[in-house]
Amino acid sequence: MTVRLQRWLTAGTLLLACWWAAAPSPVLAQSGEIWSDNLASPITGLAMSADGQRVAVGTRANEVSVRDADGRELWTFTAGNSITGLAWSEDGSRLAISSEDRFLYLLDGETGEELGRTKASRTFNSVAISRDGSLVAGASDDMQVYVMDSRGDLLWTDERGLGVSAVSIYGTGDDARVVMGAHDGRLSIFSKTGRQLLTTRLEYDIDALAVSRSGGRILAGTTDGGITLINGANGELVWTAKADSDVTDVAMSADGQILMAQDDRGNVLYLDTDGSIVRQLKPEGEIRQIAVTGDGTRLAFGLADGQVQVLDRMQQSVGLATATRTRNMAITATAGLVALLLAGAILLIVFTTGGRRMWVQHSVGPLNGLAAVWRARFSYLLILPTLLFLLTFNYYPAFSGLYHAFTDWTPSGHSPWVGLENFRFLMSDRFFIASFRNALILVVVSIVKTMTMPLLVAELVFNLKNRYTQYWMRTLFVVPIVLPAVVEILVWNNIYDPSIGLLNEFLELVGKSDWSRVWYGDPKVALSSVLFIGVPWVNAFALLIFYGGLISISDEIIDSSRVDGANVFRRFWNIDLPLLMGQVKLLLILNFINAVQTFELVFLTTGGGPGDATYVPALELYYMAMRMDRMGVASAIGMILFLIILVGTIINMRYVRTATEFEA
Amino acid sequence: MSAVTMSPTMRKLRLSLGQTVITIILLFLLVLTFVPIIYLVVLALKDNGQIYGRFWSMPNPYRWENFALGWVVIGRSILNSIITSGSACATTLLLSSLSGYVFARHRFPAKEIIYTGILALLMIPPILTLIPAYVLILNMGLENTYWALILPWTSGGQVFALLLCRSFFATLPEEFFDAARIDGATELQAFWRIAVPLSIPILVTVAVVRLVTTYNQFMWPLVAISSPKRQVVAVALTQFTSEIGVTDIGPRMAAYITASIPLVILFSFGMRQYVRGLTAGGLKA
């Protein structure tokens, strides 16, 4: 009987495994796909000509690949850095490219021959070209829009004084109009010669733009997740739809009938002409770029893992519904099967003699590990939520960080192993080296700060004879703890303010105005200014800990020292300090750990400047990850800091053990 | 001359002189400590004209409307902070008291191994997990949501809370639970009816420490939340000028004060628990 039971369970489990292996994994590509390919680097630019006969794909690895309608590669082009945008003239005879190499290129669509280029002082982030290819516009991170003609000659630039990350062009020849969306939400239309014709204001930063063929409809995506349709003739808002998060790309067919948008969570939204979201899809794989042909028959998606998919729009919409249904069915079936199997197992165990025998045998079997585990299943169940949380949000990130320190980490993309490359890079990074010098100073100073002033105040308060004053002094010194940590820094920013700050005003008041300066701006005093924040450094927490230590010293010891004629200083050195070693150890370690990770103190005051005068490692980590997109290098910094903290903690523990032994 | 040989009057004189010196030093340090806070309050009640024109004079008239202006800008994010810190704290309490109970009172295979594995997390500094956790949240599609804050905070708080809860539950006498079992209480009833009520003080300690810690968190929300609508107050305060375009100093300072109110309330009830919680981790003696 037992054997049969086990056979049953094994068969069931096997069946389940087979089901999982065979279950269709529905991907976008299965429905309506015309062709797809993988370019092995995140797709950062995607454009299709009006008839879909030409597709241009740009990658972060600097490549532009031009394909025909069936996905055959016609020619390629390599820029000096990542591609940020692509645009086709209507007939596919001209291709405009924007790149992080600071150039805006215009190429011949048939041959890939370069026709002209324009240079900006910083990265270009988007590009547009007129239908006839006579006008090319590019927005750059230097806050300007550059407009050039078909030979690459710069016609005009427009300095917004604000970031611009979306441009578009409609019309041809002298009637071409340049549309640009800025970071203050302003949408402006310019003539070919650079005259501003119209401007309108949306509430949030404009990140993406698409214009219909006539310019009558302008679709704008904003950072609050808004998708807004604007009447191009008068700048009036027609409607606004809402996505869940930042809209990073929008696309529209030439007649303005087919509207799509994509948000930064990889959702693709299909809108109808009234601005309602017809469908929202979260395809597998992270979509970075979307495009639709002028006639609206084809869609293209560019994914973060380098995949490009060109789809038939009609078939795709049908196919996606099927795919979703299939997936739902698969999930339901799997869940059902698992439930069935469990129910079967329970029934077998409870209602068959064999099952019961197995149950009894195993649960009374001496030292049977598995049975003991099974008996304690309730305990495991209760700690399961805790364990799942810790595994997901603490263990996994920790190991992920340690592992990715050795890779060129591209989230959701390919992350090749690079060995010690990230560390080598850091060793040659001027800012990182400087940050270590500063971190060392910060650690030492912060330890000195906590070990002196709070201890002094604790000792003084402790030596007050009047209980009442003692209580109030202690309480008042602790009051500042109610200020959020950030607020203290921000108030000090104001104190240091060069034009209206308390410090400079005070120096003027006492006639020392020649001492006043731009405290954060002067490389000689910037770090000292940051360290000076919080003077007189009576840290409430440290104070309470020291004070708590002092009052726990027994009165007898203190009295006997007094009788022996020890003065205050001798008592401090020979009695108080040795007995406070536990507190010293705690504050030492906490301070060390915090100081190594210092971030807000610098980020909110000097931002690391001037130059590298106040740079700290955590700041470099933040910039590397969030501004430079170099997650691997950031992880390497995290790992270095982790090791430093680990070593520091171990040394501290060793050192303090000797102190305790000495005490006993 | 040693103290023993001094005449009683001289001793007394010297003692009171010492007390005066101590008091003076303390008062001086106290004033220095409070300068930024007083400065903050004074600025919060002035308008730009008063600040630039008469820097050293007291506010006249008092611009109480600065607080209303500050609230308009910062109110939403204070609420965000309360929601996220509060939910994370509640979940932490629930999970860690439950598993603290299990670790203290149950016996099961690999118990100590698992427990050590959890405590080992105390050695992991937040800076190491910052970026990987951000990528994790991105991949889960949770960036810019409350979950991006609540889930990691819930998780991170558990280690310390579990440590406190386990050591507390271990001190509860076995007889309580035996009695409950005889009366027919299930394990969960024993936990909920006996262990939890007895451990209210330790749970309050954990709650206060967690609330203060998460309310003050800056770097994680800065990374995980980009939408001003979802941002917590610690970060929102620093983005004030750039996001909303408020250049007046008064309302900004008023907002800083407003942002402190939740902490004032919390500390007025839980200061003792806060200090006890912070010292409990490191000081066993």
Side-chain angles (χ1 to χ4, degrees), chain A residues 245 265 369 372-373 376 379-380 382-383 385-386 389-390 393-394 397-398 400-401 411-412 457 460 463-465 473 476-477 480-487 490-492 495 500 502 505 535-536 538 541 544-545 565 582 586 593 597 599-600 604 618 625-626 631 634-635 638 641-642 645-646, chain B residues 2-4 19 22 25-26 29-30 32-33 36-37 39-40 51-52 55 95-96 98-99 102 106 108-109 118 121 123-125 127-133 135-136 138-139 141 144 151-152 154-156 158 215-216 218-219 223 234 237-238 256 259-260 263-264 267 275 278-279 282-283 285:
Chain A
S245 71
R265 292 193 200 156
V373 169
S379 308
Y380 291 117
L382 291 181
I383 60 169
T386 298
F389 259 108
L390 291 175
F393 293 102
N394 292 62
S400 163
S412 74
V457 171
L460 289 177
N463 274 298
L464 280 171
K465 288 283 173 292
M473 281 293 177
L476 282 174
F477 272 112
I481 209 172
V482 300
L483 284 190
V486 166
V487 167
L490 292 173
V491 172
W492 274 89
I495 292 177
I500 195 69
L502 181 65
E505 290 290 328
V535 89
V538 186
F541 171 56
L544 284 170
I545 292 199
L586 173 70
I593 293 175
Q597 303 182 70
F599 176 72
E600 289 101 297
L604 292 178
M626 308 305 291
M631 303 280 193
S635 302
L641 294 183
F642 165 61
I645 289 173
L646 197 67
Chain B
S2 80
V4 185
Q19 287 294 305
I22 291 177
I25 297 176
L26 282 178
L29 290 176
L30 208 54
L32 262 187
T33 306
I37 296 177
Y39 180 61
L40 172 68
I51 295 171
Y52 285 96
F55 185 84
L95 292 181
S96 49
L98 193 60
S99 38
V102 173
H106 286 195
F108 51 90
I118 293 175
L121 284 172
M123 292 300 293
I124 306 290
I127 198 87
L128 175 68
T129 54
L130 181 87
I131 297 305
V135 173
L136 177 70
L138 273 185
N139 289 341
N144 256 335
L151 295 179
T154 299
S155 181
Q158 284 184 112
Y215 194 85
N216 273 323
F218 179 79
M219 204 172 179
V223 168
L237 282 177
T238 69
Y256 296 170
S260 314
L263 285 187
V264 173
F267 274 121
V275 175
L278 284 182
T279 47
L283 282 185

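Here the structure is a predicted model, which is why all the values come from computation and not from measurement. Just so it is clear: chains get the letters A, B, ... in the order the sequence lines come, proteins before strands, and each one is counted from 1.
Using a 4.5 Å cut-off between heavy atoms, Y52(B) touches chain A through backbone and side chain atoms alike. Heavy atoms closer than 4.5 Å to chain B are found in both the backbone and the side chain of F477(A). Heavy atoms closer than 4.5 Å to chain A are found in both the backbone and the side chain of I127(B). Only the side chain of A634(A) comes within contact range of chain B, with heavy atoms under 4.5 Å apart. Interface residue V457(A): backbone and side-chain heavy atoms are both found under 4.5 Å from chain B. Heavy atoms closer than 4.5 Å to chain B are found in the side chain of L641(A), but not in its backbone. When heavy atoms are compared at a cutoff of 4.5 Å, I495(A) approaches chain B by way of both its backbone and its side chain. For a residue to count as touching a neighbouring chain, one of its non-hydrogen atoms must lie under 4.5 Å from one of that chain's; by this rule L502(A) touches chain B with backbone and side chain alike. With a 4.5 angstrom heavy-atom cutoff, L544(A) touches chain B only via side-chain atoms. Heavy atoms of I37(B) lying under 4.5 Å from chain A belong exclusively to its side chain. For a residue to count as touching a neighbouring chain, one of its non-hydrogen atoms must lie under 4.5 Å from one of that chain's; by this rule L98(B) touches chain A with the side chain only. With a 4.5 Å cut-off on non-hydrogen atoms, I25(B) touches chain A through its side chain but not through its backbone.
Taking every heavy atom of both residues into account, T386(A) and Q158(B) meet most closely at OG1-OE1, 3.2 Å. L464(A) approaches Q19(B) most closely through the heavy-atom pair CA-OE1, 3.5 Å. Residues A485(A) and N216(B) come closest through the heavy atom pair N-OD1, 3.0 Å. Shown here for L483(A) and L40(B), the closest heavy-atom pair between the two residues is CD2-CD2, 4.2 Å. The nearest pair of heavy atoms linking A234(B) to V486(A) is O-CG1, 3.5 Å. In plain terms, the two heavy atoms of Y39(B) and I500(A) that are nearest each other are OH-O, 3.8 Å.
Looking at E505(A), its side chain never comes within 3.5 Å of a backbone N or O of F55(B) through a donor-acceptor pair. The backbone N or O of F389(A) sits less than 3.5 Å from a side-chain atom of S155(B), completing a donor-acceptor pair.
The aromatic rings of F108(B) and Y380(A) lie perpendicular to each other, with more than 60° between the two planes, well past the 30° mark.
Note: F393(A) CZ to L136(B) CG = 6.0 Å, rounded to the nearest 0.5 Å. The distance from atom CG of L130(B) to atom CE of M626(A), rounded to the nearest 0.5 Å, is 8.0 Å. Taking CG of L476(A) as the reference point, atom CG of L30(B) lies at 5.0 Å (rounded to 0.5 Å). Between I22(B) atom CD1 and N463(A) atom CG the span is 5.0 Å, to the nearest 0.5 Å. Atom CG of residue L382(A) and atom NE2 of residue H106(B) lie 6.5 Å apart, to the nearest 0.5 angstrom.
Counting heavy atoms from C-beta outward, P536(A) and T33(B) have side chains that approach closer than 4.5 Å.
Put simply, of V535(A), V491(A), N394(A), I593(A), the one with the most heavy-atom pairs under 4.5 Å next to chain B is N394(A). The residue among A618(A), S635(A), P484(A) with the most heavy atom pairs within less than 4.5 Å of chain B is P484(A). Taking L121(B), I131(B), N144(B), T154(B) one by one and counting their heavy-atom pairs under 4.5 Å with chain A, the maximum is reached by L121(B). Contact tally against chain A (heavy-atom pairs below 4.5 Å) for P132(B), P152(B), S96(B): the top residue is P132(B).
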